[in-house]
Each structure stands twice: as C-alpha cells, then as structure tokens.
Amino acid sequence: MHRHPKWHLISIKCAPISLKFFKQMRPGSMSKQPPQKTWGLQGEKKELRLRQSFFCKKTGNNRKMMIKYDGMKERKSPKEGVIHMSTDIRVRYAPSPTGHLHIGNARTALFNYLFARNAGGTFIIRIEDTDQKRNVEGGDKSQLKYLKWLGIDWDESIDVGGEYGPYRQMERLDIYQKYAKELLERGLAYKCYMTEEELEKEREEQRARGEVPKYSGAHRNLTEEQRRQFEAEGRKPSIRIRVPDNKTYTFNDIVKGKITFESKDFGDWVIMKKDGTPTYNFAAAIDDHLMQISHVLRGEDHISNTPKQMMIYEAFGWDVPKFGHMTLIVNEERKKLSKRDESIIQFIEQYADLGYLPEALFNFIALLGWSPVGEQELFTREEFIEIFDPNRLATSPAVFDPNKLKWMNNQYIKAADLDRILDITIPHLIKAGKLSEHMTEKERKWAEDLVALYQDQLSYGAEIVELTKLFFKEEIEYDEECMNVLSDEQVPDVLRTFREKLEQLETFNPDEIKAAIKAVQKDTKQRGKKLFMPIRVATTGQTHGPELPNAIYLLGRDKVIMRLNDALNKLDR
RNA sequence: GGCCCGUUGGUCGAGUGGUUAAGACACCGGCCUUUCACGCCGGUAGCACGGGUUCGAAUCCCGUACGGGUCACCA
C-alpha cells in the first residue's frame with residue numbers, strides 16, 4: 001500500500017508552456033493533452049493569460065504540474081496562486097577549474113542536471129576561475145570531459161555558448177568591475193587599503209580577546225585625504241561591501257527549510273580583490289542574476305555564503321533565486337571528503353580508468369543523498385530524469401560506501417554486452433603485462449573467452465587482473481584452505497584418473513572436459529565436492545573460481561596436466 | 001570559540017501522529033549448481049538521550065549530548 005502524494009488542485013495564471021515540457025511529463029498523465037494553440041510554443045514570449053485548473057504536485061518550486069482534465073475528482077485544499085512555468089527554470093553547475101572532476105562536484109552537477117531535465121529547464125555550466133593562483137591548466141576541459149562521460153549534457157557553457165555568456169568568469173571581469181563601481185558610487189561599498197599583514201594582526205588581536213575574528217571596518221569611513229595618502233604609498237585597494245547593521249537574512253532552503261543569519265555576525269567583506277578580480281560571493285551572485293538562474297543547488301558548505309550573496313542581490317534590488325543546500329558526502333570518519341583523503345577514490349576520472357561503467361556511477365551518485373519513492377534502486381538516466389524531485393534530497397550527510405558501488409557496478413556489468421566489458425578489462429590485462437598489445441586473432445579470442453568467464457562476478461574492469469591471475473602463473477601455491485581440500489584421501493586417485501582422461505581426449509574443449517570429469521566420477525565413485533574441489537584446487541589453486549570445465553579449457557591441456565603432476569608430487573611427500 | 005546544519009541497524013536509506021519500523025549493500029545460514037560463481041530464500045542488527053504536547057510520538061516542541069560545516073583579498 002503506498003501513500004498518495006500530496007496533491008493540490010489549484011488555479012493558475014500561467015506563462016507560455018513549452019511542448020517540450022509536456023513531452024517530458026509522465027506519459028500516463030498525458031492522456032489528454034491540451035490543444036497546442038492554447039498553450040504557446042517554447043520560447044514564445046507573448047504572455048498568455050488563462051485560467052485553468054491544474055492538478056499540481058506540490059513541490060518546493062511548484063514547477064511540477066499536471067493538467068487537470070475533465071472528470072478528475074477535486075481533492076481537498078484547493079489553492080489559488082500564480083505559478084511560473086517550467087521554462088523559467090535555469091540551474092547551473094559552477095566549478096572552479098582547480099582540478100579533476102571530484103565525486104562531490106559530480107553529484108552537484110548531477111542533481112542540477114536532473115532537476116533541469118525533469119522540469120524541462122536549462123542546465124548551465126559556468127567556470128569560476130577567478131583564483132588565478134589555483135587554476136589548473138586544462139581543468140575546465142577535464143571537468144566537461146568527465147561530466148560527458150557520466151552522461152550529463154548541458155545547454156549553455158564555454159564550449160556550446162549561449163545567450164548569457166561568456167561562461168568563464170575571467171572573461172566577465174568588466175561586468176564585475178562595473179557593478180562594483182556602481183556600489184562604490186552609491187556608497188554601498190568602499191575601498192579598503194589594509195594590507196594582508198594588518199588584517200592578520202587585527203584578527204590575531206580579536207582572537208586573543210576571545211572574539212570572533214571579523215573585519216573591524218577600520219577603513220569604512222576614510223577621508224579623501226587618507227585615501228590619497230594610501231594611494232601615494234602605492235597601496236592597492238580592495239573593495240568591501242558595507243554590511244547593514246542589524247539585518248536578518250532568512251531564506252527558505254529547498255532541502256533544509258528556513259535558515260536565518262544575522263548581519264552583525266559578518267564583517268564588511270571583500271567583493272573585489274586587490275588584483276581587480278571579484279571574490280566568489282560577489283561574482284556568483286552577479287552571474288546568477290545575469291544568467292537568470294532560478295535555483296541554486298549546491299553543497300551545504302555554501303550555506304554560510306548564502307547571506308553574503310543575498311546582500312548583493314539586496315544592494316542591486318534583484319530577486320533572490322531559490323537555494324537548496326545538499327548535504328556533503330563524507331568519508332568513514334564522517335568528515336567532508338577532502339581531496340587529499342586517500343581512503344576513498346575521489347575523482348571520476350579514476351573510476352573511469354578503473355573500469356567502472358558510467359551509468360553505474362551515475363546511478364550510485366544519484367542515490368547518494370537522494371532517494372526515489374519506491375524500492376527500486378537501479379535506474380536509467382531517463383528514469384532518473386523522470387522521477388527526480390528535489391524535495392526528496394536528504395538532510396543528513398551520506399558516507400560514501402565503495403562496497404555498494406562495486407555491487408552496483410557489477411549489476412551493470414552483468415547486464416552489459418561483452419564488448420563493453422572487453423573494453424574495460426583487456427587494457428588492464430595488457431597494462432599488467434598479461435596480454436600482448438598486439439594479439440593474434442587466436443590470442444584475442446582466448447582473452448575474450450577469459451573475460452567472458454568472469455563477467456558475472458566482475459566488480460570493475462581492473463579487477464580482472466586479480467581475478468584471472470591463476471591463468472598467468474607458472475607455479476601455484478596452495479593456501480591452507482586448498483591444502484585441506486587436497487589432503488582428503490580420495491584426492492590422489494581423483495587427480496590421477498582425471499589426468500589420464502585428459503590425456504586420452506582427442507579434442508580439448510569444455511564439453512569434452514566436462515565429459516572427462518564425468519568419467520572420473522564413474523571410475524572413482526567420487527562425486528560432488530569430493531570430485532570437483534580437488535580438481536578445482538589442483539588446476540586453479542583456488543577454492544572459489546569460474547566455471548571449471550571452461551577454466552580448464554582456457555588453461556590449456558599442457559598447463560593443466562603440469563599442475564596435476566605438481567599437485568600429485570606435493571601429495572606424495 | 002561564534003554562527004549554521006544534522007542524528008533511523010556497520011553503510012545507504014523509506015518513513016510527514018496509530019506500521020510486526022520498508023528495501024538495498026555488507027555479514028551469517030540455507031537452497032540451486034555433481035564444484036565454483038550467478039541467482040533465490042531466510043537471519044542478525046536500528047529510531048542518540050532527557051523532558052514535554054497528545055488517547056497515542058521515529059514522526060511535533062524544548063533542552064542535552066554527539067557529529068559535521070563555516071568563519072580568507074579560495075571557490
């Protein structure tokens with residue numbers, strides 16, 4: 001028995017709705033599509049004012065709607081309201097190109113992507129490269145590359161362009177400078193000439209007094225004379241915003257609910273650095289406004305940045321977007337994943353290299369801090385787009401569990417075509433020196449059969465090297481478990497008989513090998529574990545492994561007989 | 001330390017005042033397989049604590065504890 005979602009019948013005045021949007025709605029709910037001309041086409045600016053009843057799933061953004069059609073029963077709590085339609089939804093992922101795509105960032109991008117696609121909105125990628133010291137050459141390209149690998153695409157960015165560009169902040173410096181100048185002229189910001197040392201000293205003193213370190217406002221009201229003095233000394237000013245005295249900043253977070261900050265807890269903070277580049281909170285607010293971002297979905301480490309950004313919106317009289325702060329992904333110590341943390345593989349590129357399937361990683365990440373309604377856990381990208389609802393974002397941090405990722409990847413590997421599995425495994429065998437880079441057709445076939453043997457139990461591509469090591473060893477060592485198996489009294493008889501049968505085989509193939517084992521059973525009267533395990537252990541050196549006749553076939557007759565001899569010799573002693 | 005956020009089994013998590021508190025990973029047991037793996041079935045294990053509110057609280061309120069985030073001319 002599942003609960004009904006909360007539905008509200010509402011009347012709305014709406015803006016044009018795109019057909020694209022309707023196509024993305026649940027097919028089942030689309031049995032009666034409204035006539036096209038009533039609704040306007042995507043991108044049409046003309047305002048259509050109509051009163052129409054909608055059946056609307058109440059979400060934080062009120063964007064998900066379904067058309068009420070004749071005959072649908074009214075539910076309780078009808079509401080009146082003006083709803084902005086889905087085409088208004090614009091979200092962004094704004095990485096700084098300081099390195100490769102991190103798993104946490106990938107998740108931020110992923111949820112923004114799902115949110116946009118679910119609502120028929122626009123997904124934007126903006127590069128925040130204003131910290132020139134930390135920028136990494138090619139960092140932006142790498143970000144995009146692995147986003148693409150994950151199956152995420154975007155509508156506006158540095159590579160595809162868009163109406164709201166440029167999408168690289170260093171190419172927008174004139175914009176920030178213009179707005180900073182405006183704030184300066186309106187007296188909402190001022191120049192601060194303090195040096196790093198002076199600032200640090202100030203903070204030290206505050207700490208010593210047991211206060212919370214924050215900018216004192218020393219240069220808040222400099223006279224023209226003082227300013228000239230500092231300029232004459234050759235000091236370069238930064239620009240600080242005047243933080244209002246006693247103001248409360250409140251926002252209704254999509255995931256956390258109401259969050260409140262007091263302006264008195266903030267010192268006047270820098271909006272433009274000495275070098276003429278904007279600080280993060282200034283640039284992000286301006287860009288989000290200029291790019292008409294409707295929802296900001298980001299990590300919860302940004303919660304305390306939100307009031308700062310609200311100050312910027314306030315100063316310019318701009319509408320504030322909706323914010324949603326997702327919980328962080330944490331390690332086993334429950335700490336935010338830091339890039340230096342080595343307990344967990346952190347970068348998407350590494351997972352790609354290790355032979356994880358992108359759709360598995362996509363699936364896994366999407367379920368980290370978000371969950372769908374039912375019990376299903378394996379979804380395609382399209383399904384995620386279909387069911388994504390930001391209101392179901394988790395409120396508490398998630399520990400990254402590599403084990404479950406492995407399980408999930410295995411699910412996808414089992415379902416995948418062998419060709420794809422070959423692509424993620426063979427290179428590892430070559431790199432490990434197990435296979436030649438230039439295989440003959442026969443060798444290639446052998447390698448493919450080998451991989452196929454392990455498809456069901458493979459967790460990730462690189463694991464193939466470990467799994468198949470018994471095929472590349474000359475000599476095998478028996479561990480305790482193996483010795484236990486081999487020490488049974490029937491073993492020499494079984495092994496000798498099996499060797500005999502193999503030697504007699506005219507054609508050496510899995511079927512014949514299977515028949516040979518059967519023949520051993522007949523001769524020795526041993527069956528089940530007592531039959532198979534000695535053969536398995538003697539030939540593979542493992543108590544667990546792949547399908548035995550196939551493994552023996554791929555090992556080859558010579559090697560198998562050699563191993564049988566070795567085992568028998570060892571038992572003699 | 002100030003401010004902010006969080007707390008359901010080892011882990012992910014469902015749950016929005018009445019449930020025997022779902023499901024998944026891991027673990028353990030069984031079945032299937034003449035062995036192994038895959039698969040299937042079952043099991044162990046949880047609402048941080050203390051007060052309220054209520055006929056009734058995992059769920060609402062307050063407090064405590066614990067954990068985390070953030071306090072830059074980084075993003």
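Every chain is numbered from 1, with letters handed out A, B, ... down the list of sequences. Note: hydrogens, waters and symmetry copies are ignored here, and every other heavy atom, side chains too, is used.
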Quick one: look up who [N] pairs with, Watson-Crick or G-U, both distances under 3.5 Å, and put none if it's unpaired.
N	answer
B:rU34	none
B:rC12	B:rG23
B:rA75	none
B:rG50	B:rC62
B:rC3	B:rG69

Using only heavy-atom distances, determine whether the side chains of [X] and [Y] contain a donor-acceptor pair under 3.5 Å.
X	Y	value
A:Asp287	A:Gln169	yes
A:Asn281	A:Thr279	no
A:Thr306	A:Arg298	yes

For this session: Output yes when at least one side-chain N/O atom of A:Thr395 is less than 4.0 Å from OP1 or OP2 of B:rU7, else no.
Result: yes

Exercise. Taking only side-chain nitrogens and oxygens of A:His544, does any of them come within less than 4.0 Å of OP1 or OP2 of B:rA37?
Worked result: yes

For this session: Using a cut-off of strictly less than 4.0 Å between a heavy atom of the residue and any atom of RNA chain B, enumerate the qualifying residues of residues 403-413 of chain A by number.
Result: A:Asn403, A:Lys404, A:Trp407, A:Gln411

Problem set entry | Proximity to RNA chain B (any heavy atom under 4.0 Å), residues of residues 518-536 of chain A only | A:Lys518, A:Gln521, A:Arg527, A:Gly528, A:Lys529, A:Leu531, A:Phe532, A:Met533, A:Arg536

Exercise. In terms of the nearest nucleotide of RNA chain B, which residue is placed more toward the 5' end: A:Val330 or A:Ile259?
Worked result: A:Ile259

For this session: Please confirm whether A:Arg126 makes a cation-pi placement over A:Tyr93, using NZ or CZ under 6.0 Å from the six-membered ring centre and within 45° of the ring normal.
Result: no

Problem set entry | Between B:rG15 (C1') and A:Asn391 (CG): distance, integer Å | 16 Å

Exercise. Rounded to the nearest Å, what distance is computed from the CG atom of residue A:Leu378 to the P atom of nucleotide B:rG13?
Worked result: 16 Å

For this session: Verify the ring-centre separation between A:His102 and A:Tyr146: is it less than 6.0 angstrom?
Result: no

Problem set entry | P atoms of B:rC25 and B:rC40, separation to the nearest Å | 9 Å

For this session: Sort out for me which residue in A:Arg240, A:Lys214, A:Arg220 forms a salt bridge (charged side-chain N to carboxylate O under 4.0 Å, His left out) with A:Asp268.
Result: A:Arg220

Problem set entry | Per-nucleotide protein contact string for nucleotides 69-75 of chain B (B base, S sugar-phosphate only, - none; heavy atom under 4.0 Å) | SSSSBBB

Exercise. Run the side chain to side chain contact (heavy atoms under 4.5 Å, CB included) check on A:Phe362 and A:Phe379 step by step: do they pass?
Worked result: CA-CA 9 Å; A:Phe362 188 109; A:Phe379 296 96; over 6 Å; no

Exercise. Choosing from B:rG15, B:rC25, B:rG13, which nucleotide comes nearest the side chain of A:Ala394?
Worked result: B:rG13

Exercise. Should the pair A:Glu262-A:Lys247 be classified as a salt bridge under the 4.0 Å nitrogen-to-oxygen rule?
Worked result: no

